[in-house]
Amino acid sequence: MSSSVKQNSELVAKRWALALMELALEDENISKEDILDDLREISATIESSEELSNVINNPSISTEEKQIVLCKIFQTNIMPIVYNFLYVLNLRKRIGIIPEIAIAFEKELENVKNITKINVTSAIDLADERKEDIKTKIAEKLNKNVVIEWGVDNEIIAGLIFNIDELIIDNSVRHKLEDLSKEIIKG
């Protein structure tokens, strides 16, 4: 898939995910987490079955035939809002981007819950109390709830590398040494 097609697919998926989230937000009794679970289940089911994937992605199979298959597989296993969403996706010939929609919906859910996912890499495994201290400081600084995935890379020598929504803040000794080396070479 070319990068422009992939970008377009992600943009379309984001629009569909946003529409589903807006629908879900209209009813406070609907669990957005359950919607996400259903989207993931649909995606995993399609991806794990070559036969189902072929049916879904085959343009020569009619929308009606695809709907019969989707109905048999999913109607009793997922929430009505998600089934209706699946039905509309099929009518609009967008059922093939359900994995991207699941990813986009998860990001929308994080926005609604004011959550930011962060990757933090250190040279050594940090003590739990140090991790909690770092997490608290980041949450205060960003004014968000943070979910941190911790990593260890002993090549950074010391310091931390933060990856926040694809923004990388490299505070490692290795990075500082590389910068110093570039300055020395420039003279």
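Numbers for residues simply follow the sequence, beginning at 1. All of these numbers come straight from a predicted model, not from anything done at the bench.
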Atom [atom1] of [X] and atom [atom2] of [Y]: how far apart are they, to the nearest 0.5 Å?
| X | Y | atom1 | atom2 | result |
| --- | --- | --- | --- | --- |
| S122 | I161 | OG | CD1 | 9.5 Å |
| I164 | L142 | CD1 | CG | 5.0 Å |
| N84 | L89 | CG | CG | 11.0 Å |
| E47 | R40 | CD | CZ | 12.5 Å |
| I98 | I95 | CD1 | CD1 | 5.0 Å |
| I42 | I101 | CD1 | CD1 | 9.5 Å |

Residue pair [X] / [Y], side-chain heavy-atom distance below 4.5 Å:
| X | Y | value |
| --- | --- | --- |
| N54 | E51 | no |
| N119 | F162 | no |
| N163 | I118 | no |
| D38 | L36 | no |
| Y87 | L70 | no |
| D128 | E132 | no |
| I56 | I61 | no |
| L160 | I134 | yes |

[Y] reachable from [X] in the ILVMFWY side-chain graph, under 4.5 Å edges:
| X | Y | result |
| --- | --- | --- |
| M21 | L86 | yes |
| L39 | I78 | yes |
| F85 | I97 | yes |
| L23 | V12 | yes |
| I169 | V152 | no |

Salt-bridge test for [X] and [Y]: reply yes if a basic N is under 4.0 Å from a carboxylate O, no otherwise.
| X | Y | value |
| --- | --- | --- |
| K113 | E33 | yes |
| K14 | E100 | no |
| D125 | K131 | yes |
| K117 | E106 | yes |

List the steps, then state whether side-chain hydrogen bond (donor to acceptor under 3.5 Å, both in side chains) holds for S53 with E50. CA-CA 5 Å; S53 184; E50 188 176 337; over 6 Å; no
Looking only at atom types and distance, does a side-chain atom of [X] sit under 3.5 Å from a main-chain N or O of [Y], one as donor and one as acceptor?
| X | Y | answer |
| --- | --- | --- |
| N77 | I73 | yes |
| K32 | I30 | yes |
| T45 | E41 | yes |
| E140 | K137 | no |

Where [X] and [Y] come nearest, the two heavy atoms and their spacing:
| X | Y | value |
| --- | --- | --- |
| K66 | N90 | CB-OD1, 3.5 Å |
| A17 | F105 | CB-N, 3.4 Å |
| T116 | K144 | OG1-CD, 2.6 Å |
| A123 | I156 | N-CD1, 3.5 Å |
| L18 | E108 | CD1-OE1, 3.4 Å |
| I35 | A24 | CD1-CB, 3.5 Å |

Decide yes or no on side chain to side chain contact (heavy atoms under 4.5 Å, CB included) for I81 and L20, but give the supporting numbers first. CA-CA 9 Å; I81 188 173; L20 180 57; 4.2 Å; yes
Apply the test side chain to side chain contact (heavy atoms under 4.5 Å, CB included) to residues E149 and V120: give CA-CA distance (whole Å), side-chain angles for both, the deciding distance (0.1 Å), then the verdict. CA-CA 6 Å; E149 187 173 309; V120 178; over 6 Å; no
Would I68 and K72 count as a side chain to side chain contact (heavy atoms under 4.5 Å, CB included) here? Give the steps. CA-CA 6 Å; I68 291 167; K72 285 181 180 175; 4.0 Å; yes
